[in-house]
There are 2 protein chains.
Amino acid sequence: MDTTQQTDQQRSADRRRRELLEAADRVVLRDGPGASMNAIAAEAGITKPILYRHFGDKGGLYAALAKRHTDALLNSLRAALDAPAERRERVEATLDTYLAAIEARPQVYRFLMHPGDSVSPGDPGFDVRKHSLPLLRLMGEELAQVIEDRLDLGPGSQQLARVWGHGIVGMMHAAGDWWLGERPCSRAELVRSLADLLWGRLAAAGDRVGGPGF
Amino acid sequence: MDTTQQTDQQRSADRRRRELLEAADRVVLRDGPGASMNAIAAEAGITKPILYRHFGDKGGLYAALAKRHTDALLNSLRAALDAPAERRERVEATLDTYLAAIEARPQVYRFLMHPGDSVSPGDPGFDVRKHSLPLLRLMGEELAQVIEDRLDLGPGSQQLARVWGHGIVGMMHAAGDWWLGERPCSRAELVRSLADLLWGRLAAAGDRVGGPGF
DNA sequence: ACTAGCATGTTACCTACGGTAACTGGAGTC
DNA sequence: GACTCCAGTTACCGTAGGTAACATGCTAGT
């Protein structure tokens with residue numbers, strides 16, 4: 001069979017593909033999410049059409065690029081979520097893992113969160129996100145699954161878990177985004193505050209003197 | 001004084017500006033967030049440079065456009081937040097107001113949430129968001145203020161309120177985004193689920209049979 | 001009445017981007 | 001040695017954001 005020959009070629013192509021992705025990674029890390037195909041090709045020491053042969057279009061490259069980081073982040077989060085500890089500790093560990101990741105590489109984070117920038121010009125409508133659901137959705141679904149698997153939520157648990165999954169992920173994301181921009185407190189404090197919010201301190205807090213509370 | 005003359009001119013310019021904004025509004029509503037300056041100018045019956053004279057650059061136009069809807073939405077939210085009812089009811093009303101808004105005009109919503117698409121080509125770095133903080137930040141700060149004003153959170157209340165403000169807004173946004181795409185349940189159910197989450201049902205839920213809970 | 005200024009509008013152009021067609025050079029294969 | 005395949009190139013297209021330079025019309029001052 002000629003599978004060995006095809007495999008040889010494919011292995012070479014795959015290696016090249018990985019090199020290109022690493023170059024793209026460097027450029028995105030340097031130039032932010034708006035990095036151009038030309039810049040990426042130049043960084044890789046080649047020219048545009050090769051990128052297009054490997055990845056189809058910009059969305060394809062970005063999807064491939066995003067997948068690496070997304071997978072890595074999701075693995076970290078899963079580990080924190082599955083650690084042998086009680087619920088609150090695990091929630092805090094998961095929050096901390098996410099925040100540590102976005103803190104360590106803000107450029108990558110910005111790229112992951114806004115992959116669908118610059119809707120393609122010639123296209124009707126916008127079929128962006130044809131590849132690679134945004135990271136937020138993935139994390140939301142993941143968390144929903146964990147919640148549904150582990151918690152007893154009574155009737156309608158599946159729907160409730162999904163709402164919560166996406167809601168908690170959104171909370172984490174927005175708070176992290178804001179925190180990353182302003183750095184108003186330490187990471188540990190932020191984690192604690194968010195966990196407190198999830199633990200119902202909003203409902204438990206007393207009204208301020210002078211009128212009915214929020 | 002020549003203030004009256006200047007005022008005359010300025011009033012005329014302001015009216016024109018409003019007309020242009022309304023045209024832009026129509027186009028964005030029709031074409032989504034990727035609407036081009038040419039399309040907007042054509043809809044307004046004029047050509048590009050006029051838009052640039054009025055709004056500086058695309059970011060300026062988008063900022064002006066966003067401000068209208070942002071202000072309107074924030075006013076609705078403030079009203080819901082200030083209604084004479086108890087806390088849980090008010091939270092639910094606020095969530096419902098937001099969700100109703102994004103449900104009524106998804107295109108506007110998509111535009112508001114991703115204003116900084118397509119980083120300008122010639123610019124170094126990315127000074128996008130030079131105008132118009134994203135809507136999420138505004139809502140977060142607003143909510144933080146309300147929380148801090150109304151709730152007694154003990155020491156560190158200001159920081160806690162800001163974290164919660166941004167976190168809750170992010171929760172609302174992400175859940176709303178997901179819900180708008182999949183429509184897995186009614187708006188009322190979504191509101192109830194989110195309020196339950198904020199009310200600590202996550203911490204209160206029992207473990208599922210078969211192991212330690214989430 | 002004639003001109004100066006000024007805002008409004010236009011056409012024509014620039015640069016940069018995403019994306020593609022068509023050509024080039026070198027490896028292996030019959 | 002001719003044939004094919006593949007990586008890679010140059011050169012180009014269409015469209016976008018943005019700008020310069022020119023035209024037009026209103027109001028004001030003399």
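In the text below, chain A, chain B and the rest are named by the order of the sequence lines, each starting its count at 1.
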Length of the line joining [X]:[atom1] and [N]:[atom2], which is rounded to integer Å:
X	N	atom1	atom2	answer
B:Leu61	D:dG18	CG	C1'	13 Å
B:Leu51	C:dG9	CG	P	10 Å
A:Asn38	D:dT10	CG	P	11 Å
B:Ile40	D:dA16	CD1	C1'	12 Å
A:Met37	D:dT15	CE	P	20 Å
B:Lys48	C:dT8	NZ	P	19 Å
B:Asp57	D:dG17	CG	C1'	9 Å
B:His54	D:dG18	NE2	P	16 Å

How far does [atom1] of [X] sit from [atom2] of [Y], to the nearest 0.5 angstrom?
X	Y	atom1	atom2	answer
B:Arg187	B:Leu95	CZ	CG	11.0 Å
B:Arg88	B:Trp199	CZ	CH2	6.0 Å
A:Met172	A:Leu77	CE	CG	6.0 Å
B:Arg90	B:Thr97	CZ	OG1	13.0 Å
B:Arg18	B:Glu22	CZ	CD	8.0 Å

(request) Compare the minimum distances between each of D:dT19, C:dG9, D:dT9 and the side chain of A:Ile50, then state the nucleotide with the smallest one. (result)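 Selected nucleotide (nearest to the side chain): D:dT9.
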(message) Looking at B:Lys58 and D:dG18, is any side-chain donor or acceptor paired with a base atom of the opposite kind under 3.5 Å?
(response)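 Per atom types, no contact qualifies.
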(message) Would you say the rings of A:Tyr62 and A:Phe111 are close, in the sense that their centroids are separated by under 6.0 Å?
(response)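 Yes; A:Tyr62 has its ring centre under 6.0 Å from that of A:Phe111.
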(message) Just to be sure I understand the rule, does A:Ile46 reach a base, reach only the sugar-phosphate, or reach nothing, if contact means heavy atoms closer than 4.0 Å?
(response)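 Sugar-phosphate, no base atom in range.
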(request) Would you indicate, yes or no, if C:dT10 has its OP1 or OP2 atom less than 4.0 angstrom from a side-chain nitrogen or oxygen of B:Thr47? (result)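 For B:Thr47, the contact criterion (side-chain N or O under 4.0 Å from OP1 or OP2 of C:dT10) is met.
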(message) In the structure I gave you, are the side-chain heavy atoms of A:Leu20 and A:Arg17 within less than 4.5 Å of one another anywhere?
(response)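 No, too far: nothing below the 4.5 Å cut-off.
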(request) Pull out every residue in residues 16-29 of chain A that has a heavy atom closer than 4.0 Å to any atom of DNA chain C, ordered by number, or say none. (result)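 Heavy-atom cutoff 4.0 Å gives no residues at all.
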(request) Starting from the 5' end of DNA chain C, give me the residue, A:Arg53 or A:Ser36, whose nearest nucleotide shows up first. (result)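 The residue closer to the strand's 5' end, by nearest nucleotide, is A:Ser36.
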